[in-house]
Amino acid sequence: MDFNKLINRKDTGSIKWDKAERLFGSKDVLPMWVADMDFDNPDPVKDALTNMIRNEVLGYTFPKDSLYQSIVNWQAEHHGMDLKPDHISFSPGVLSSIAVVVQAFTQEGDGVLIHDPVYTPFSSMVKKNNRKVFRSNLKISNNKYVMDFEDIDEQMSQHEVKLFILSNPHNPGGRVWSREELDKLVTLCIKNNVLLISDEIHSDLVYSPNEMVSPVTLKEEYKKWVITLHSATKTFNLAGVKASFIIVLDRKLKAKIKTIQQQTELDIINSFGMCATEAAFSQSADWHGELIQYLDKNRKQIIDFFDKELPDVEYMVPESTYLFWFDASTLNLESSKIRKAFAETGKIGLNDGLSYGSNAPEFMRLNFAVPKVVLSEGLTRIKNVFDAYNIKHTESD
């Protein structure tokens, strides 16, 4: 697989590329924001989709046994899960799954706890379902996020918290939570009668020696308290096929989820999603291995660049994901103006920290799942912003 290949995604309906001018105010902005990759998809996935279009009638379909088995095998090999097909429920997307779980296990006005900062739609999805969002601020220790367990326990006990939604691994900070941290978190959930939703869509994008752990695998009793969300779409760059799945190992929990899914028609995925998911998990392991190697080289390139060219800028070393989280506070700008500064001065589109909560307003998120030449250009544009504002500050002094 040639990950250095430049693919023109403009005028394809790409959110990342075709909405960049509208969002960042310039057609010259290099988009390195929304989390999809600028890489070609695995050949087995493209071949399977092509074969389906050529040789099959695109009528009503249902998940085949081979699709279930591809997920069972992948989860066993990569995440130590011992699954059966009836542990798996399909859903159009992870956010759809979150909405279903929220409706299944909470009532309007109930509380849902999330971290801050964290993936933006966690909050918006809870609010859209008329539940209350509570946030537990992540702390920074040795330039990486750690959970504040005292605060989590306090918020669970003081508010009507029914669910905790965990980004595992963490988006945007790239943190891979340890076994000890996850065990402590689930223990607090059980103590406070709170279900844990573990969003593991980034779980196959982890860099050695870090080890991603799914909390449901830690203890037998956790099967009654943990609902796992996953998808092939992030790992294999298939976001457009709209396919994900919910893993539930407890029958009572699954029954409640199934009821809401059937009421909302959110228990199915389309034929293309089924086809792509099976081909990804069953035939694309080699592509995945090459991807991780390439992303790791990009990750190291960013770290080396920041250490050499921007030594005063703090950042978090990504233990997972293809997202780089750095602190732009040395620009000495109001947090609401930082994204605009990168777009106007550097001609680069990044996600701003404010969109992930109030706990990291001056951070920015860079998507490094791009060819090396694009990454190099993006890093140069980022440096240009810091250089420009450092000159302004020097002149004003």
Side-chain angles (χ1 to χ4, degrees), residues 1 41-94 96-97 100-101 168 198-206 211-218 220 222-223 226-251 253-255 257-258 261-262 266-292:
M1 174 65 193
N41 300 109
D43 284 338
V45 173
K46 294 194 296 182
D47 291 344
L49 290 170
T50 299
N51 182 69
M52 183 183 75
I53 292 170
R54 285 178 176 173
N55 300 305
E56 297 181 19
V57 175
L58 300 180
Y60 292 115
T61 54
F62 63 90
K64 296 185 294 185
D65 291 344
S66 54
L67 171 58
Y68 285 103
Q69 195 60 48
S70 71
I71 295 171
V72 169
N73 293 344
W74 183 274
Q75 292 298 109
E77 180 177 354
H78 293 268
H79 304 297
M81 285 192 182
D82 182 16
L83 298 181
K84 297 179 181 179
D86 64 1
H87 294 146
I88 300 165
S89 299
F90 290 101
S91 171
V94 166
S96 303
S97 300
V100 165
V101 174
N168 180 37
S198 184
D199 174 4
E200 301 181 4
I201 197 169
H202 291 280
S203 61
D204 295 313
L205 301 169
V206 176
E211 180 188 7
M212 185 274 167
V213 178
S214 183
V216 77
T217 66
L218 293 175
E220 182 68 23
Y222 291 176
K223 294 178 180 180
V226 179
I227 296 167
T228 306
L229 310 182
H230 202 358
S231 173
T233 57
K234 197 67 64 178
T235 309
F236 298 96
N237 202 30
L238 306 171
V241 302
K242 305 302 291 182
S244 75
F245 51 93
I246 308 171
I247 297 173
V248 188
L249 302 180
D250 180 79
R251 289 184 179 181
L253 294 182
K254 184 177 180 181
I257 291 173
K258 184 177 181 180
Q261 282 194 303
Q262 291 176 340
L266 289 174
D267 58 342
I268 56 175
I269 57 177
N270 65 61
S271 301
F272 298 99
M274 295 180 198
C275 179
T277 297
E278 180 175 346
F281 283 141
S282 64
Q283 301 177 50
S284 305
D286 290 344
W287 184 93
H288 172 251
E290 293 177 16
L291 170 71
I292 296 300

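A donor-acceptor pair is defined here as one N or O able to donate and one able to accept, closer than 3.5 Å; such a pair exists between the side chain of S284 and the backbone of A279. Within the 3.5 Å criterion, the main-chain N or O of A243 finds a donor-acceptor partner in the side chain of S231. Listed for the S70 side chain is a donor-acceptor partner under 3.5 Å among the backbone atoms of L67.
Here the rule is side chain to side chain contact (heavy atoms under 4.5 Å, CB included) with I201, and of T233, L229, N168 only T233 fits it.
Taking 4.5 Å as the limit, every side-chain heavy atom of I247 sits out of range of all side-chain heavy atoms of V216. Side-chain atoms of S91 and Q261, non-hydrogen and from C-beta on, do get closer than 4.5 Å to each other. Taking the side chain as every heavy atom from C-beta outward, S66 and S282 never approach each other to under 4.5 Å.
Taking the six-membered ring where tryptophan is involved, the planes of H78 and H288 are perpendicular, since the angle between them exceeds 60° and thus also 30°. Ring geometry for F245 versus F90: interplanar angle over 60°, hence perpendicular rather than tilted (30 to 60°).
No more than 12 heavy-atom neighbours from other residues, nucleotides or ligands sit within 6.0 angstrom of CG on D82. Enclosure of atom NZ in K64 is not indicated, since only 12 or fewer non-hydrogen atoms of other residues, nucleotides or ligands lie within 6.0 angstrom.
Between F272 and L49 the shortest heavy-atom distance is O-CD2, 3.6 Å. Between V241 and N270 the shortest heavy-atom distance is O-ND2, 3.2 Å. The two residues S271 and G59 make their nearest non-hydrogen contact at OG-O, 3.9 Å. Shown here for L58 and M52, the closest heavy-atom pair between the two residues is CD2-CE, 4.2 Å.
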Legend entry - Stepwise side-chain contact (heavy atoms from CB on, under 4.5 Å) check, D204 with K234: CA-CA 9 Å; D204 295 313; K234 197 67 64 178; over 6 Å; no

Inset, instruction - Please step through side-chain contact (heavy atoms from CB on, under 4.5 Å) for the pair K258 and V248, ending with a clear verdict. - result: CA-CA 11 Å; K258 184 177 181 180; V248 188; over 6 Å; no

Inset, instruction - Walk me through it: do Q75 and H230 pass the test side-chain contact (heavy atoms from CB on, under 4.5 Å)? - result: CA-CA 10 Å; Q75 292 298 109; H230 202 358; 2.9 Å; yes

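There is no side-chain donor-acceptor pair under 3.5 Å between Q69 and D65.
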